Amino acid sequence: MAKEIGTIGVLTSGGDAPGMNAAIRAVVRQSISNGKKVKGIKRGYAGLLQEEIVDLEARSVSDTIQRGGTILQTARCPEFMTEEGQKLGAEVCRKHGIDGLIVIGGDGSFKGAQKLAANGINTVGIPGTIDLDIACTEYTIGFDTAVNTAMEAIDKVRDTSTSHERCSIIEVMGRGAGYIALWCGIANGAEDILLPEKYDYDEQKLVNNIIRNRKQGKKHHIIINAEGIGHSASMARRIEAATGLETRASILGHMQRGGSPTCKDRVYASTMGAYAVDLLCQGKSNRVVGYRHGDFVDFDIDEALAMQKEIPEYQFEICKSLSV
Ligand code: ADP
Ligand code: F6P
């Protein structure tokens with residue numbers, strides 16, 4: 001028989017992402033609408049183990065939907081990778097009367113949720129990461145805001161790059177994934193994009209492309225380099241030496257992870273937050289919420305973690321053909 005949920009807990013884990021507050025707000029208010037109590041766990045799994053747990057009311061999340069970051073704070077917690085840590089986490093939930101837990105984070109955080117479910121706590125994951133690197137979903141909280149932030153920054157670099165007729169390498173985040181780089185490549189009309197999933201490390205091809213474009217009258221050459229490849233500064237020095245063109249590197253860094261969430265991030269994060277509460281109220285556990293083919297859906301966490309995601313080939317190809 002499905003377990004009746006009285007109190008729902010919520011935590012954010014891994015890297016923060018704009019829109020996480022909208023998801024927390026939705027979890028709190030949808031839970032209250034369903035007659036449940038809500039507890040917020042501070043600093044992810046680290047705060048769970050340290051019992052940093054607070055009661056959340058509808059007013060606790062007032063004035064948060066427009067704010068970047070996470071009001072619950074976030075952390076990475078190596079102790080939670082151990083069986084003892086996971087058992088202790090489940091005990092802490094029971095001690096505080098938390099029968100259902102919503103975890104907002106990436107794949108690593110979902111593994112923690114999977115372990116808590118195995119230890120008797122009903123869990124639901126919500127994809128929260130600017131990297132878009134979660135296979136079961138076409139949307140992750142924060143990606144839309146992050147790519148818009150990066151796009152605006154790259155537009156600015158492009159202005160000065162054109163004025164000085166330079167080559168510019170702009171490094172964007174994404175850990176091992178190239179989705180931010182791909183989207184910025186198309187949105188900013190970059191001449192080259194370097195994605196960890198695709199790059200063959202043949203710098204001579206890049207050099208040839210820069211020289212060819214310059215001969216064809218291009219006044220700048222924008223290369224979007226994904227963090228998973230990195231080394232933008234040394235790459236810039238080598239390209240300058242090989243092409244004779246002034247080349248500069250800019251690393252956008254953590255500015256991509258902050259700021260007020262876009263409308264899409266607020267709406268999708270709110271929907272996923274409410275959806276996760278509904279799943280717990282239906283007695284479901286070990287699930288992760290996703291967005292696919294225009295619908296909000298959910299998957300078993302084990303299945304979700306086994307899925308693979310690839311860079312869309314057509315968009316990768318047109319990124320090159322549209323920048324001739
Ligand atoms: P993300 O959730 O964004 O992928 P991380 O990979 O850093 O970020 O994971 C966040 C946290 O999730 C880790 O610090 C750890 O506490 C927990 N976690 C990660 N992997 C596991 C695992 N295999 N088992 C249990 N907990 C894990
Ligand atoms: O996962 C989000 C992310 O911003 C990645 O793009 C990046 O590789 C990583 O987190 C950076 O982590 P930290 O803030 O711990 O340096």
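One-based numbering, in listed order, for ligands and for the atoms of each. For reference, positions follow the sequence shown, starting with 1. Scope of the values below: all heavy atoms of this structure, side chains included, with no hydrogens, waters or symmetry mates. The structure displayed is predicted, hence computed values, not measured ones.
A chain of hydrophobic side-chain contacts below 4.5 Å, direct or via other Ile, Leu, Val, Met, Phe, Trp or Tyr residues, connects L88 to L101. Cluster membership for V92 and V54, using ILVMFWY side-chain heavy atoms within less than 4.5 angstrom, is not shared.
More than 12 heavy-atom neighbours from other residues, nucleotides or ligands sit within 6.0 angstrom of OH on Y201. Residue E317 places its CD atom among more than 12 non-hydrogen atoms of other residues, nucleotides or ligands, all under 6.0 Å distant. At most 12 heavy atoms of other shown residues, nucleotides or ligands fall within 6.0 angstrom of atom NZ in K37.
Of the protein's heavy atoms, G14 CA, 3.7 Å lies nearest to atom 8 (O) of ligand 1. If you check which protein heavy atom lies closest to atom 11 (C) of ligand 2, you get R257 NH1, 3.5 Å. Nearest non-hydrogen protein atom to atom 22 (C) of ligand 1 is K111 CB, 3.5 Å. The protein heavy-atom contact nearest to atom 20 (N) of ligand 1 is M81 SD, 3.3 Å. Closest to atom 1 (O) of ligand 2, if we only count protein heavy atoms, is D131 OD2, 2.7 Å.
Looking at ligand 1, you'll find an N or O of C77 within less than 3.5 Å of one of its N or O atoms. Polar contact check, S109 against ligand 1: a nitrogen or oxygen pair lies under 3.5 Å apart. At least one N or O atom of R76 sits closer than 3.5 Å to an N or O atom of ligand 1. The shortest N or O to N or O distance between A75 and ligand 1 is not below 3.5 Å. An N or O contact shorter than 3.5 Å is missing between G105 and ligand 1 by distance.
Among P127, A113, S13, G108, the residue whose heavy atom lies closest to atom 4 (O) of ligand 1 is G108. Taking each of R175, R76, H254 in turn, the one with a heavy atom nearest to atom 16 (O) of ligand 2 proves to be H254.
Assignment of Q86 to the shell around ligand 1 is supported, since a heavy atom sits closer than 4.0 Å. Contact analysis leaves T129 out of contact with ligand 1, as no non-hydrogen atom separation drops below 4.0 angstrom.
Contact annotation: for F80 versus ligand 1, heavy atoms closer than 4.0 Å belong to both the backbone and the side chain. If you look at Q114 next to ligand 1, there are no close heavy atoms at all, none under 4.0 Å. Contacts of K115 with ligand 1, taken as heavy-atom pairs under 4.0 Å, involve the side chain alone.
Taking CZ of R67 as the start and CD1 of I24 as the end, the distance is 10.0 Å to the nearest 0.5 Å.
Looking at E227, its side chain does come within 3.5 Å of a backbone N or O of G174 through a donor-acceptor pair.
Remark: K198 is positioned above the aromatic ring of F316, its terminal NZ or CZ atom under 6.0 angstrom from the ring centre and at most 45 degrees off the axis.
In this structure, Y268 has its ring center under 6.0 Å from that of Y291.
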